[in-house]
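Just below is one structure, and these are the notes that go with it.
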Amino acid sequence: DPAKGKTLFISTCSGCHRAGGVGKDIGPDLTDIKRKLEKKTIAEAVMYPSAAIVFGYEAATITTKKGESLYGFVIAEDKNMIVLKDAGGHRNTIVKSEIVSRKKEEQSLMPSAASLNLSEQDLADLTTFLLTLK
């Protein structure tokens, strides 16, 4: 049911993802996901988000000389600085000379379907909604 899927998207996914003009710009925009993935692959991505992390959305943890630990996506980098977007969408600019450690994380920032308490029917409704977006 795409209507139930939209409700699920708004309540569960829109805090990080945009789809059809709804949601936040933290994770990938899902408006055109049907052009890239089929229904089964979309459902698997929701069930197991760390299995295939979209390029550009790999998480990193950076520790600074001040003892700060920052976690998010590297959205820009040059020889002097790194810009990290955290799960709240805030952009942190870090001077490279202030970095003590930088670790690429193996886990996605996105929680799994199980941790979100999504049922099989919820997954079906959510993927159907995403496949009906124009």
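Model, not experiment: these values are computed from the prediction.
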Ignoring hydrogens and angles, tell me if any N or O in the side chain of Asp125 forms a donor-acceptor pair with the backbone of Asp1 under 3.5 Å.
yes
Flag, side chain of Ser115 to backbone of Pro111, donor-acceptor distance under 3.5 Å:
no
Glu77 and Arg102 ion-paired at < 4.0 Å
yes
Verify, without hydrogens or angle tests, whether Thr61 (side chain) and Tyr71 (backbone) share a donor-acceptor contact under 3.5 angstrom.
no
Could you grab the distance from atom CD1 of Ile42 to atom CD of Glu44, nearest 0.5 Å is fine?
10.5 Å
How far apart are the C-alpha atoms of Glu98 and Thr64, what are their side-chain angles, what is the distance that settles it, and do they pass the side-chain hydrogen bond (donor to acceptor under 3.5 Å, both in side chains) test?
CA-CA 5 Å; Glu98 293 297 312; Thr64 67; over 6 Å; no
Nearest 0.5 angstrom please: Ile62 CD1 to Ile94 CD1, how far?
4.0 Å
Other residues, nucleotides and ligands only: do more than 12 of their heavy atoms fall within 6.0 Å of NZ on Lys103?
no
Can you sort out the partners of Val83 under side-chain contact (heavy atoms from CB on, under 4.5 Å), two or more places apart, ordered by chain and number?
Ile75, Ala76, Arg91, Thr93
Indicate yes or no for a side-chain donor-acceptor contact from Arg18 to the backbone of Asp25 under 3.5 Å, with no hydrogens or angles considered.
no
Determine yes or no for a side-chain-to-main-chain donor-acceptor pair under 3.5 angstrom, with His17 supplying the side chain and Pro28 the backbone.
yes
In this structure, NZ of Lys34 is separated from OG1 of Thr132 (nearest 0.5 Å) by 7.0 Å
For side chain to side chain contact (heavy atoms under 4.5 Å, CB included), just list the numbers for Leu109 and Phe73, CA-CA rounded to whole Å, side-chain angles, deciding distance to a tenth of an Å, and then say yes or no.
CA-CA 9 Å; Leu109 286 175; Phe73 312 118; 3.1 Å; yes
To the nearest 0.5 Å, what is the distance between SG on Cys13 and NZ on Lys24?
13.5 Å
Between Leu70 and Asp86, is a side chain to side chain contact (heavy atoms under 4.5 Å, CB included) present by the stated rule, with each step listed?
CA-CA 8 Å; Leu70 303 164; Asp86 67 22; over 6 Å; no
Which is it for Asp32 and Asp29 under the side chain to side chain contact (heavy atoms under 4.5 Å, CB included) test, yes or no, and what are the steps along the way?
CA-CA 8 Å; Asp32 292 326; Asp29 187 317; over 6 Å; no
What's the separation between atom NZ in Lys104 and atom CD in Glu106, rounded to the nearest 0.5 Å?
6.0 Å
If you draw a 6.0 Å radius around NZ in Lys85, do more than 12 non-hydrogen atoms from other residues or ligands fall strictly inside?
yes
Residues forming a side-chain contact (heavy atoms from CB on, under 4.5 Å) with Ser11, sequence neighbours excluded
none
Between Asp78 (side chain only) and Met81 (backbone N and O only), is there a donor and an acceptor less than 3.5 Å apart?
yes
Hey, could you give me the OG1/CZ distance between Thr7 and Phe129, rounded to the nearest 0.5 Å?
9.0 Å
Glu68 side chain to Lys66 backbone, donor-acceptor under 3.5 Å:
no
N/O donor-acceptor pair under 3.5 Å between Thr63 side chain and Val100 backbone
no
